[in-house]
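Have a look at the structure below, then the notes.
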Amino acid sequence: MLNCVIVDDEPLAIDLLKDYVEKTKFLNLEGFFTNPIEAMHFVQEENIDLIFLDIQMPELTGIQFLKILQKKSNFILTTAYDQFAIDGYEFDIIDFLLKPITFERFMLAAKKAEDRLTNLNIQDAQNDKYSKDYIFIKSEYKVIKIDLDDILYLEGMGDYVNVQTKQGKILTLETIKSLQQRLIVSKFIRVHKSFIISFSKIDFIERNRVKIGDKLIPISNSYQKEFWEKVRH
């Protein structure tokens, strides 16, 4: 399933795309916005795979939206004016939908998104084979080697990230996103905007929380589908 959002200042355009998303089995609609600034805040905090993004909007254009978010998500652009397509492709968008959008054309674009993310997941699995079983992080005036098997969880704490290990807490100024990119994909999973956990260190799962050591860690709505898929497999 791909978690997606719709961003368009026209309510009728949103209604049409909502209907198309609901008819597409591998898409899950997490939200829809007529205000692009509200959409940006939502996307920055949640786990969104795909954004259907209108180009011409007040306050913030689709192209400006792309420039700010960069690689945070994958984009399918929508607009009534095809002259804007070239600008969008500079940002490696998945596809460009010209209004009025037919369901057939929508499905072709959505399938491209599914194929791209499936290929990325396969690459991640292959990269796991060659990944190191340790990372180095800077903490105060030291660069510390941490075995991945010793990590219980990572917790974002404002400007810092707490790397909680079996031996104790290590604070670093690195971002949680940059640390996530250095972890082995099959062993760790993000469950909240502030938490990445070592899957093998889970003691138990209770509703929308996991227990690791003496810590109860929340699983936010945007990460629940990915989390439960990993549990089942």
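Scope of the values below: all heavy atoms of this structure, side chains included, with no hydrogens, waters or symmetry mates.
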Do the non-hydrogen side-chain atoms of Lys169 and Leu171 ever get within less than 4.5 Å of each other? yes
Under 30°, 30 to 60°, or over 60°: which ring-plane class applies to Phe75 and Phe65, parallel, tilted or perpendicular? perpendicular
I want to check a possible cation-pi pair here: Lys187 against Phe199, using under 6.0 Å from ring centre and within 45° of the ring axis as the test. no
Heavy-atom side-chain proximity of Val210 to Tyr153 below 4.5 angstrom: no
Tyr20 (side chain) donor-acceptor with Asp15 (main chain) under 3.5 angstrom: no
Examine Tyr160 and Phe195 and state if one hydrophobic cluster contains both, with Ile, Leu, Val, Met, Phe, Trp and Tyr joined whenever side-chain heavy atoms are less than 4.5 Å apart. no
Glu206, CD atom: more than 12 neighbouring heavy atoms under 6.0 Å: yes
When you measure from the side chain of Thr24 to the backbone of Phe26, do you find a donor-acceptor pair of N or O atoms at a distance under 3.5 Å? no
Side-chain touch Leu97/Phe106, heavy atoms, less than 4.5 angstrom: yes
Report whether Ile6 and Phe103 are members of the same hydrophobic cluster (ILVMFWY, side-chain heavy atoms less than 4.5 Å apart, transitive linking). yes
Does atom NZ (Lys166) have a neighbourhood of more than 12 heavy atoms from anything else shown, all under 6.0 Å? yes
For the residue pair Ile151 and Gln164, establish whether any side-chain heavy-atom pair is separated by less than 4.5 Å. no
Mind checking whether Gln44 and His41 have side chains closer than 4.5 Å, heavy atoms only? yes
Flag the pair Asn162 / Leu154 as yes when at least one side-chain heavy-atom distance between them is below 4.5 Å, and no otherwise. no
Pick from Ile196, Ile217, Asn47: which one makes a side-chain contact (heavy atoms from CB on, under 4.5 Å) with Val191? Ile217
Is there a donor-acceptor pair closer than 3.5 Å between any side-chain N or O of Lys201 and the backbone N or O of Asp149? yes
Taking atom types as modelled and ignoring hydrogens, do the side chains of Asn28 and Glu30 form a donor-acceptor contact shorter than 3.5 angstrom? yes
Between Arg105 and Leu108, is there a donor-acceptor pair closer than 3.5 Å when you use the side chain of the first and the backbone of the second? no
